[in-house]
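In what follows, chains are A, B, ... by sequence order, proteins preceding strands, each numbered from 1.
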2 protein chains.
Amino acid sequence: MPRSKPPTMSDVAKLAGVSPMTVSRALRPNASASESTRKKIREAADQLGYVLDSTAAGLSSRKTGFVAVTIPSINNANFANTIRGLNEGLQDSGLQVLLGFTDYNIKEEERLVEAFLRRRPEAIVVTGGVHTERCRRYLAASGVPVIEIWDLPSSPIEHSVGFSNVKAGRAMANYLVDKGYKNIGFIGGNTKQDARGSDRCEGFAEVLEERGLSTERLRISEEPVRNMAQGAAAMDYLIDKHPDTQAVMCASDLSAFGAMMSCQRRGLKVPEDIAIAGFGGYDISANAIPQITTLEAGDYQIGTETAKVILSQLADDNDETEERAPQRIKIATQLLERESTSPK
Amino acid sequence: MPRSKPPTMSDVAKLAGVSPMTVSRALRPNASASESTRKKIREAADQLGYVLDSTAAGLSSRKTGFVAVTIPSINNANFANTIRGLNEGLQDSGLQVLLGFTDYNIKEEERLVEAFLRRRPEAIVVTGGVHTERCRRYLAASGVPVIEIWDLPSSPIEHSVGFSNVKAGRAMANYLVDKGYKNIGFIGGNTKQDARGSDRCEGFAEVLEERGLSTERLRISEEPVRNMAQGAAAMDYLIDKHPDTQAVMCASDLSAFGAMMSCQRRGLKVPEDIAIAGFGGYDISANAIPQITTLEAGDYQIGTETAKVILSQLADDNDETEERAPQRIKIATQLLERESTSPK
DNA sequence: TTGAAAGCGATACCAT
DNA sequence: ATGGTATCGCTTTCAA
C-alpha cells in the first residue's frame, strides 16, 4: 500500500466548489458560514477522508493547543492521578497534554523542557521546584505560563500548585510522636534525586529534633526507595541496626507495604511490635492488612487545580487583570490514621 | 511580564550576519556548515534565547516527529511499563510520544485518534484489536504505520505487537486444573469494556469446559474489576455463592491481592483453603505474603518491540523492501508459579 | 457570508 | 559552504 499524501483544504475546496478560506471556516464551530455550504463542505471532506492539519493551523494562528508537562515517572500512581486530573480539567478546552518523563533527574528535565519548547506549548507544567539553572532560564523566558506542581517553592518561577513537603513530613512525625513512639525511623532514598521526598524527610527530622528524639534511625540509602522491594530491604537493614525501633515512616505507601511484609517475615507484628506509616494515599494503603496509615497528597486535585490555573491564564479576556499575577494554590493534605499505627 | 513574541531564525540570521538558510543548517547536526559560522550562529541564538520552532519545521519538512499512542489508562502499571519501553526504544530517534487515554472506551479512542491524526503523527500505536468502525477507517487511511499492541488481532489493521489473551487465559486455566483444582472460578469485569480481559476469561472458560469442569464460578460483574477493592468485593460475592471454590484466577494482580485480603479477613488461608492467581506480573504479586502466582505479560518488552517496528517502518532505506510487510510480533508470556497456588 | 492576498517559521531544492 | 526562492497547509486580515 503506497502511503500517499493526505488531502488538503484546497482539495476539499475544489471538490465543494468554494474557496479554501470557506472550508477553513466551515470546519470550525464558531466561524461564520451558511448551513448549506457547511453541509456541502463536510460531505466533500468526508468523501476525501480529509483531516485538518493542526500543525499548519498552529503555525498560522500561533496556537498549538499543547500543554507541556513533565513528571518524574509514569510508574507512579500519584503522578498518574495528577495527569488524570489535568487531562480531565483540560478536556473541553481543546488543549492536548504533551507528557514527558524525567526519571527523577533534573538534567533530563532540562532536556525535555528544551525539546518541549520547540513545540511551542501554550503552557508548561513541571514537577517540583528544583531545576537546573539553564532549565529555569528556559522556563522563565518561555513566554507562556509556567506552573510548578507537587511543591510550593519558596522562589517559584511563576505559578505553583501543591503543598509543602516539609510540612507533610512534620505532620507525620508529630503524629507518631504524639502517639507516644520514641524510637522513630524514616525510610527514604537519595536526597539529590527526589527533592520532594527529601523535603519530607527533612521536616520529619526537624520534628524529631525539636521534640528531643534521636534522629539516628533516618535510613536514607543511596538508591531511591520507592517500590516494595526497596522498602523491604531498607526495613531489614533498619531493624538489624536498630532492633528497638518502634515506628517508621516510609517515603511512599509502596515502600511502607514492602517494609510491612519484611516485618511479617521476621515475625514482627504491625502495629503491636512496630508501627509503620507511608505516604501518598495509594490503593495498597487502604487494602493491605493491616491498613496502612498514610498522608494523602491530593494528587488528582493537583491536576484539576493546575488545569484551572492554565485555563484562567490563557483566557484572553484577562490581559491586564490581576488574574495574570502568579498563583500559588495550596492543596490540602490529609493524614489518614489506619491500623498500622494504632495498636488496639 | 509581557509575553513577547519569541525570536525567529531570521532574527538569529540578522544578528549573525548570515542568511536564515545558513542558520537552519548550522543548527542541525548533519547539515553542512563551517565550524566558524556554526559557532557564530550558536552565539547569536544563545544571545537571543532562540529556540527552534518545530511546528514550522514540521510543516516544511513534512515530519512532525510525533508518534501517537493510545492506552486505556495511565493508572495501570502494565501500560505504564509499555510506555516506558516505547519511550526508551524511541529515545535516540528524536520521536516524541503523544500519549492519550481512552478510559477503556473505544468511542473515546475514536475521538482521540481523530484528534491525533490532526497532529500528523509519523506512526500510530493503539492498544488492543477492537475499535469502532470509523476508527478503523481513520487508522487504515492514516497513511502512516499503525501498530496494535497488547493483542494479536485475527484481522489486524497493519502491524501488531502482543500476545494472545485467549491463550493466556487458557494457560492459567490449564495450570490450575493440572494442579488438581476442580471448583475453579474467575473474577473479572464487564466484557464490553475490556476486550483483552474478556479474551483471557474466554480462554479460561474454554479450558474448564474442555476438561469437564463447571464454569458456573466465572464471576463477571457489570463493573470493571481492576483494582484491589473491586477484587475484594468480587471475591466476597463468589465465596458467598460458591463456598466450595478451590481456586480463582483474577483479571489482574491487583484484584488478586484484594481477593486475597478478602479471604484473609474471612479466615480462609491462601493457598491451603483457596488458591488465587492474578495477571500482569505486578510488583504486588512478588511482594505480597503469600506471593501471588501470575502471568507476566512482557509489558515493557511490548513497548521496546513496538519502538523497533516503528523505527524499521520509518527507515527511509526500505521503501520497497519486505520490511514494509505487516509485522506480527509475538511477545512471550510467562506463568510465574508462586505461593498463592502451591500448598506445601 | 464569502474570497483574495499575505503571511506564520521553517526547510527543500536549485544555484553559486 | 552559503544564499535565494518557492513552498508546506493553514489562518489572519481586509475587501467585497
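- By the 4.0 Å N-to-carboxylate-O rule, A/Glu43 lies too far from A/Lys40 to be salt-bridged with it.
- Rounded to a whole Å, the NZ atom of B/Lys5 is 8 Å from the C1' atom of C/dC8.
- Side-chain atoms of B/Arg25 and base atoms of D/dG3 include a donor and an acceptor less than 3.5 Å apart.
- Look at B/Lys39 and B/Glu35 and you find no salt bridge, because none of the NZ, NE, NH1 or NH2 atoms lies under 4.0 Å from a carboxylate O.
- In this structure a side-chain-to-backbone donor-acceptor pair under 3.5 Å is missing from B/Asn81 to B/Asn78.
- A/Arg120 places its CZ atom 11 Å from the C1' atom of C/dA10, with the value rounded to the nearest Å.
- Within the 4.0 Å cut-off from OP1 or OP2 of C/dG9, not a single side-chain nitrogen or oxygen of B/Thr8 is found.
- Within the 4.0 angstrom heavy-atom criterion, only backbone atoms of the sugar-phosphate kind lie near A/Arg28; the bases stay farther away.
- Counting to the nearest Å, the P atom of C/dA10 and the CZ atom of A/Arg62 are 10 Å from each other.
- OP1 or OP2 of D/dT2 sits under 4.0 Å from a side-chain N or O of B/Ser34.
- Out of D/dG3, C/dT2, D/dT11, the shortest distance to the side chain of B/Thr22 is found at D/dG3.
- Whole-Å rounding puts the A/Lys39 NZ to C/dT1 P distance at 18 Å.
- Heavy-atom distances to DNA chain D give each of B/Ser32 and A/Pro20 a nearest nucleotide, and the one nearer the 5′ end belongs to B/Ser32.
- Taking the charged nitrogens against the carboxylate oxygens, A/Arg136 and A/Glu133 have no contact shorter than 4.0 Å, which rules out a salt bridge.
- The distance from atom CE of A/Met9 to atom C1' of D/dC8 is 14 Å, rounded to the nearest whole Å.
- Under the 3.5 Å distance criterion, the side-chain polar atoms of B/Arg28 are matched with a main-chain donor or acceptor of B/Ser24.
- Distance from the side chain of A/Met21 is smallest to C/dA5 among C/dT11, C/dA5, C/dA10.
- Non-hydrogen atoms lying under 4.0 Å from DNA chain C are contributed by B/Tyr50, B/Leu52, B/Asp53, B/Ala56, B/Ala57, B/Leu59, B/Ser60, all within residues 50-60 of chain B.
- In this structure, B/Lys14 places its NZ atom 11 Å from P of C/dG9, rounding to the nearest Å.
- Checked against C/dC13, C/dG3, D/dC10, the side chain of A/Val18 finds its nearest nucleotide in C/dG3.
- Taking side-chain N and O atoms only, B/Ser10 has no distance below 4.0 Å to OP1 or OP2 of C/dG9.
- Looking at B/Ser19 and B/Thr22, their side chains come closer than 4.5 Å, going by heavy atoms from C-beta outward.
- Rounded to a whole Å, the CZ atom of B/Arg38 is 9 Å from the P atom of D/dA1.
- Rounded to an integer number of Å, the gap from CG of A/Leu117 to P of C/dG9 is 15 Å.
- Salt-bridge formation is detected for the pair A/Arg111/A/Glu108: a Lys NZ or Arg NE/NH1/NH2 atom is positioned less than 4.0 Å from an Asp or Glu carboxylate oxygen.
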